[in-house]
Amino acid sequence: MSHTIGVVGAGTMGRGIVADLVLHGIHAVLVDLEEEVLDEARKEIQQIIRFSRMLKKNLPPIQQQPILDSIRFTTCLEDVRDCEFIIENVTENWAVKQAVYHQLDQICPPNVCFAVNTSCIPITKVAAATKRPDQVIGIHFMNPVFLKPTVEAIRGYYTSEETIAEARRFLALLGKEAILVEDYPGFVSNRISHLFMNEAVFVVMDQIARPEEVDRIFRECFGHPMGPLETADLIGLDTVLDSLGVLYDSYQDPKYRAAPLLRKMVDAGLLGRKTGKGFYSYAGEER
Ligand SMILES: NC(=O)c1ccc[n+]([C@@H]2O[C@H](COP(=O)([O-])OP(=O)(O)OC[C@H]3O[C@@H](n4cnc5c(N)ncnc54)[C@H](O)[C@@H]3O)[C@@H](O)[C@H]2O)c1
């Protein structure tokens with residue numbers, strides 16, 4: 001019998017996760033607030049599936065149409081009621097996530113685990129918005145999801161060993177492994193990477209170097225596959241700004257204050273790949 005996973009939030013991550021699920025023969029219910037977002041999501045998932053065949057040769061063989069039929073696109077959160085596992089990927093904003101978890105807790109049977117896909121928000125805080133804190137775990141997927149064999153998994157204060165095992169079983173279906181870490185805002189990956197990205201924005205703002213030069217130094221001198229500004233464009237500059245806000249509020253440490261240039265670009269709608277322009281232009285390849 002095929003598995004059915006509920007994916008809440010059809011933005012950058014929700015799309016990538018659903019594409020990876022269906023590429024592995026898993027059914028998905030994908031929820032967002034508006035039909036237009038879901039229409040865009042459908043198109044992008046199609047595109048990811050097409051690209052995935054070129055970039056990753058060891059994926060199981062699939063046909064486009066049946067694969068798209070295994071996704072239910074919906075604006076009704078209640079439609080995840082029969083899903084066996086939930087991955088939440090809504091906007092990186094506490095009020096938004098909190099409201100979603102209050103509803104999910106009412107909708108889903110008590111045995112269902114919730115995976116929080118967040119850049120920085122503590123899992124213990126999310127779990128406290130539910131009556132099943134032991135069944136809430138952080139799964140921080142990396143983008144592009146289908147290409148990444150590893151995720152950062154986060155154990156909240158009450159996360160049970162059974163929930164960790166359930167998350168590992170689910171990830172194994174996608175051929176992924178989890179590196180388990182403890183719960184403090186930003187975990188390992190974003191606590192460090194957001195300092196890099198933010199400081200890179202300050203460097204551009206202070207006219208020390210252009211984005212191309214900053215990123216080349218990281219790629220060609222440090223051997224990173226992508227520079228910090230390319231990475232910020234891929235994540236979405238709004239999401240990076242929101243995450244820095246969470247880190248700043250959580251640690252009360254000025255090292256996480258967002259660069260004014262980052263704020264200005266978000267105000268101007270220059271969000272990176274998802275809007276076609278950020279530190280770089282992506283003409284005709286939005287998202
Ligand atoms: N972008 C990345 O590279 C990345 C990587 C790992 C984790 N994350 C985290 O994943 C989460 C999602 O990030 P994203 O980049 O996909 O953001 P995004 O802004 O691209 O998408 C968020 C989506 O959530 C939807 N949404 C908001 N409220 C909702 C609700 N009540 N019900 C259903 N849908 C709702 C929005 O309409 C939007 O489509 C964030 O918490 C982010 O920090 C992002």
Side-chain angles (χ1 to χ4, degrees), residues 9-17 19 32-34 36-45 47-48 51 89-97 117-121 140-145 147 186 189-220 224-249 254-287:
T12 303
M13 294 312 290
R15 296 168 192 201
I17 289 166
D32 208 293
L33 297 172
E34 293 170 12
E36 296 79 69
V37 177
L38 293 170
D39 289 343
E40 286 302 313
R42 185 182 286 106
K43 283 186 214 144
E44 193 181 343
I45 290 167
Q47 224 173 43
I48 298 172
F51 277 128
N89 316 269
V90 302
T91 316
E92 182 78 354
N93 173 295
W94 170 237
V96 175
K97 287 208 192 272
N117 187 17
T118 169
S119 300
C120 292
I121 297 175
H140 180 210
F141 285 89
M142 305 294 155
N143 185 13
V145 179
L147 278 180
S189 57
N190 284 335
R191 194 165 161 180
I192 298 170
S193 66
H194 278 60
L195 285 174
F196 266 46
M197 287 186 275
N198 195 39
E199 206 56 35
V201 183
F202 273 113
V203 161
V204 172
M205 189 177 93
D206 292 343
Q207 300 184 334
I208 296 168
R210 293 173 302 144
E212 293 80 355
E213 289 143 0
V214 174
D215 285 332
R216 272 190 71 193
I217 288 171
F218 275 79
R219 273 189 274 104
E220 295 175 27
H224 291 202
M226 287 176 82
L229 298 168
E230 295 165 312
T231 306
D233 268 5
L234 178 68
I235 294 172
L237 300 193
D238 51 343
T239 302
V240 174
L241 181 62
D242 288 343
S243 298
L244 283 165
V246 173
L247 291 168
Y248 185 84
D249 291 345
K255 73 184 173 191
Y256 291 113
R257 81 274 176 245
L261 174 60
L262 181 63
R263 222 172 265 289
K264 185 169 165 180
M265 291 177 72
V266 171
D267 287 343
L270 306 175
L271 308 185
R273 281 184 182 269
K274 63 174 136 179
T275 55
K277 196 163 175 18
F279 287 99
Y280 300 92
S281 286
Y282 307 88
E285 47 165 315
E286 287 80 6
R287 279 235 177 230

Under 3.5 Å donor-acceptor, [X] side chain and [Y] backbone:
X	Y	value
Asn89	Asn117	no
Arg15	Ile45	no
Glu213	Arg210	yes
Asn93	Ala95	yes
Asp32	Ala10	yes

Kindly compute the distance separating [atom1] ([X]) from [atom2] ([Y]), expressed to the nearest 0.5 Å.
X	Y	atom1	atom2	answer
Arg191	Leu247	CZ	CG	8.5 Å
Met142	Ser193	CE	OG	8.0 Å
His194	Leu244	NE2	CG	5.5 Å
Gln47	Glu44	CD	CD	6.5 Å

Name each donor-acceptor pair under 3.5 Å that joins a side chain in residues 254-271 to protein atoms two or more places apart or in another chain, with its distance.
unit_1 : atom_1 : unit_2 : atom_2 : d
Arg257 : NE     : Pro254 : O      : 3.4
Arg257 : NH1    : Lys255 : O      : 3.4

Practice task
Quick one: list whatever passes salt bridge (charged side-chain N to carboxylate O under 4.0 Å, His left out) with Glu212, sequence neighbours left out.
Solution key: none
Practice task
Using the test salt bridge (charged side-chain N to carboxylate O under 4.0 Å, His left out), find all partners of Asp242 that sit at least two apart in sequence or belong to another chain.
Solution key: none
Practice task
Check whether any side-chain heavy atom of Thr239 sits under 4.5 Å from a side-chain heavy atom of Lys274, and report yes or no.
Solution key: yes
Practice task
Please tell me if the side chains of Trp94 and Val246 come closer than 4.5 Å, counting only heavy atoms from C-beta onward.
Solution key: no
Check [X] against [Y] and note the closest heavy-atom contact, atom names and distance.
X	Y	result
Tyr282	Tyr280	CE1-O, 3.2 Å
Ile48	Ala19	CG2-CB, 3.7 Å
Gly278	Leu237	CA-CD1, 4.4 Å
Ala209	Val214	CB-CG2, 3.9 Å

Problem - Greater than 12 external heavy atoms within 6.0 Å of Tyr248's OH - result: no
Exercise for the section: Verify the neighbour count for atom CZ of Phe51: are there more than 12 heavy atoms of other residues, nucleotides or ligands below 6.0 Å? Expected result: no
Handout entry: Listed partners of Lys97 passing side-chain hydrogen bond (donor to acceptor under 3.5 Å, both in side chains), at least two apart
Key = Glu88
Practice task
Name all residues meeting the side-chain hydrogen bond (donor to acceptor under 3.5 Å, both in side chains) criterion together with Thr91; count only those two or more places apart in sequence or in a different chain, and write none if there are none.
Solution key: none
Exercise for the section: Kindly write out the residues that satisfy side chain to side chain contact (heavy atoms under 4.5 Å, CB included) with Glu220, not counting sequence neighbours, or none if the list is empty. Expected result: Arg216
Practice task
List the steps, then state whether side-chain contact (heavy atoms from CB on, under 4.5 Å) holds for Leu229 with Phe218.
Solution key: CA-CA 10 Å; Leu229 298 168; Phe218 275 79; over 6 Å; no
Completion exercise
Result for side-chain contact (heavy atoms from CB on, under 4.5 Å) between Pro228 and one of Ile217, Val240, Asp233, Asp215 points to Asp215
Exercise for the section: Could you give me the CA-CA distance, side-chain angles and deciding distance for His140 and Asn190, then say whether side-chain contact (heavy atoms from CB on, under 4.5 Å) is met? Expected result: CA-CA 10 Å; His140 180 210; Asn190 284 335; 3.2 Å; yes
